[in-house]
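So that the names make sense, note that chain A is the first sequence line, chain B the second, and so on, each numbered from 1. Keep in mind that this is a model prediction, so the values were computed, not measured.
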Number of protein chains: 2
Amino acid sequence: MDEETGRRGAPTISEVADAAGVSRATVSRAFTRPGMLSPGTVARVREVAGRIGYVPNQVARALSTGRHGNIALIVPDVANPFFPPLIRGAQARADLAGYCLFLGSSDEAPEREETLVAKFAGQVEGLILVSSRLPEERIRAFAERRPIVVINRDVSGLPRVLIDTARGIAAAVDYLADLGHRRITYVTGPAASWSNQQRRHAVRRAARRRGIEMIALPAHRASFEAGREAVPEILATGATAAIAFDDVTAQGVLVGLAERRIPVPERFSVIGCDDVLGATTFPPLTTVSARCDEAGEMALDLLEDQLAGRGLRDIRCVLDTRLVVRGSAGPAPAA
Amino acid sequence: MDEETGRRGAPTISEVADAAGVSRATVSRAFTRPGMLSPGTVARVREVAGRIGYVPNQVARALSTGRHGNIALIVPDVANPFFPPLIRGAQARADLAGYCLFLGSSDEAPEREETLVAKFAGQVEGLILVSSRLPEERIRAFAERRPIVVINRDVSGLPRVLIDTARGIAAAVDYLADLGHRRITYVTGPAASWSNQQRRHAVRRAARRRGIEMIALPAHRASFEAGREAVPEILATGATAAIAFDDVTAQGVLVGLAERRIPVPERFSVIGCDDVLGATTFPPLTTVSARCDEAGEMALDLLEDQLAGRGLRDIRCVLDTRLVVRGSAGPAPAA
DNA sequence: GATTGACACGCAACCGGTTGCATTCCACTC
DNA sequence: GAGTGGAATGCAACCGGTTGCGTGTCAATC
């Protein structure tokens, strides 16, 4: 008993062994391989263990077996609503497989991500990196030490899951074109982001195919504010609709328009991407669903395969997307 | 080298010792107590270690020292915007103190929280439980094993930080009263929540003091939808303003009002609580700031004190709040 | 020149589990 | 009654670090 804190050291396997009159090996097996022991012994050991409050020490177990039972999931920013569904998906799968999920948030800073990964690497069996901001060679270096699965980052040679918004974006452009829009803008996201590049190209391609004009506007900062501040520029282009890099940016656009008393969708149409806001905006946001939850599930399945020794090293899972029509896009206003 | 995966076992302290021609103890000390060794030895050992890619094994270290260098932070739901600022605050402090923060999300389910805490308990030095949904005796039981700090839960005997919204709420009621509102509603949050009870009482007390009428409306579900669905009931009371349990609920109210083309704040005023949405709504939400980031910082500081052996076991930190005026509340409409 | 003490380093035990192998016991077969 | 095989359990090494204590070296002191 620690005098200072009143907290006593947890009972160890040896104490249980003494109390039950068996060897430490037997206690260990009573928990890990009960089939090896006589039913009576198992019951007796467990009873004693329960009585004195013994809980196997995970750390010691990990040291001798090399298996920690933990998986780390690192995201750039927990505050970004894109990630929680993904986290939840991964967590559900981790539960099923008996793994404990450790979450880390890097605040979009590569250095923080680096230290986070390094610290986690020693305590988990594998890691999932979401929208990693790390240089590719660093990711590869870590992958030498531990199995790694990446999400939304196309690192060849590693298992990766990519959300392919191209199809959904194309549907969004078609939708706008069908509604009579002839000039649209794309409000850009982080320049370094794989998703942003992919989305921007998708908008451009689809617009060209439909013969409508597309103007890309650089985002000066992150997300919401970027969207809000882009509104004057958007309007200056003479466009009648905007597709935003993500839902949060789209929400910014929505607010910027509301501030100028421009009714949506009557006078201007807005489409987001990711479908993370649900119907919490006004008007409810028409958006491209990214199925983030499935991305999380899939990443965990891939990692599990790696850990089990089965599963390919170089596998590229692409998740398709579709347009979710709500109320923020409508017919182009008469000129 | 593992034939299957191409991944080799990490170099151990023994390999470094052999390569550098010193004992394992010396290698260990070269990293943990360089002052004990001659500068030349330290340099040589580190050089060799770096060359063969040695990284101290955290698990082994934790086993022998009992110090893991990890802290767990468990929240009910990462998707709730209340938590990210708190997480960030805690993380910043953890960095400073050299701890690695493990995050867990319990999805509001006590059983999940229970297993999460149990799994984490063996691998961290201490835990922070935010808005825990666990029965008090369970929290106490875990606190026997590891230092625990709780946030927004008044468990006597444990270090706890409480966000006291009473003052801010009172200011909000005063503000509304000053603007001429005579009947207001409070849109309730989760019944089991400590914060909800506290806020509800605060509204009632302040309303009585100012001699205005206060009507509490039960929330049928969580947050956003609760707010949106409460709008008809709110309007039926004849009230001219609403204070919502939290910002997300307030956002729901805002959307519900917008759907009915009721302009805010011209015809109805809305005030939220927590200040987690910033100015991302339209109109920007007037709200009671909860200083969640500071709560996270403070909790980590308290935990650190516990771990260092200093610090009281039974300490109750109360964070004050204040009203943040934006644009969602205005003068009461003329009757 | 013997004594002393600081310094640098090695030895070996220890943290709390797991596990290959040896041992004991017993029922069963020939 | 000796031989055999399987079931139940113990022994002891091992996982990869940390650390108290002991030893050897060398310069300073008397």
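Between the side chain of A/Arg29 and the base of D/dG10 there is at least one donor-acceptor pair of N/O atoms closer than 3.5 Å. Scanning atom types as modelled, one donor and one acceptor separated by under 3.5 angstrom connect the side chain of A/Arg24 and the base of C/dG17.
When distances run from any side-chain atom of B/Thr12 to the nucleotides D/dT9, D/dC11, D/dG16, the shortest one goes to D/dG16. Of the candidates C/dG16, D/dT9, D/dT18, C/dG16 carries the atom nearest the A/Ser64 side chain, counting heavy atoms from C-beta on. Checking D/dT9, D/dG17, C/dC9 against the side-chain heavy atoms of B/Ile13 singles out D/dG17 as nearest. Distance from the side chain of B/Thr26 is smallest to C/dG10 among D/dG10, C/dA8, C/dG10.
When rounded to the nearest whole Å, the span between CG of B/Leu37 and C1' of D/dT19 equals 13 Å. In this structure, the CZ atom of A/Arg61 is 14 Å from the C1' atom of D/dC15, given to the nearest Å. What separates CD of B/Gln123 from C1' of C/dG16 is a distance of 14 Å, to the nearest Å. Rounded to whole Å, atom P of C/dA8 lies 14 Å from atom CZ of B/Arg44. Straight-line distance from the CE atom of B/Met36 to the P atom of C/dC9: 10 Å, rounded to whole Å. Atom P of nucleotide D/dC21 and atom CZ of B/Arg33 are separated by 13 Å, given to the nearest angstrom. Going from atom CG of B/Asp18 over to atom C1' of C/dG10 covers 14 Å, rounded to whole Å. Atom pair B/Leu63:CG and C/dT18:P shows a separation of 12 Å (rounding to whole Å applied).
Closest-nucleotide positions on DNA chain C for B/Ala60 and A/Thr32 were compared, and the one nearer the 5' end corresponds to B/Ala60. Both B/Asn57 and A/Val42 lie near DNA chain D, and the one whose nearest nucleotide falls closer to the 5' end is A/Val42.
Between A/Ser28 and the phosphate of C/dG16, there is no side-chain N or O to OP1/OP2 separation shorter than 4.0 Å. Contact check, A/Thr65 against D/dC15: no side-chain N or O comes under 4.0 Å of OP1 or OP2. For B/Tyr54, a side-chain nitrogen or oxygen approaches OP1 or OP2 of D/dG17 to under 4.0 Å.
A/Arg93 contributes no side-chain N or O that, together with a main-chain N or O of A/Gln91, makes up a donor-acceptor pair within less than 3.5 Å.
Counting any heavy atom pair closer than 4.0 Å across all strands shown, B/Phe31 reaches no nucleic acid atom. Using a 4.0 Å heavy-atom distance criterion, B/Val22 is classed as a sugar-phosphate-only contact.
The shortest distance between side-chain heavy atoms of B/Leu303 and B/Leu127 does not fall below 4.5 Å.
Look at A/Arg88 and A/Asp293 and you find no salt bridge, because none of the NZ, NE, NH1 or NH2 atoms lies under 4.0 Å from a carboxylate O.
Cation-pi check for A/Arg29 over A/Phe31 is not met; the charged atom does not lie both under 6.0 angstrom from the ring centroid and within 45 degrees of its normal. Both the sub-6.0 Å distance and the 45° axial angle are satisfied by B/Arg138 relative to the ring of B/Phe142.
Annotation: the span from B/Ile74 atom CD1 to B/Arg133 atom CZ amounts to 13.0 Å, rounded to 0.5 Å.
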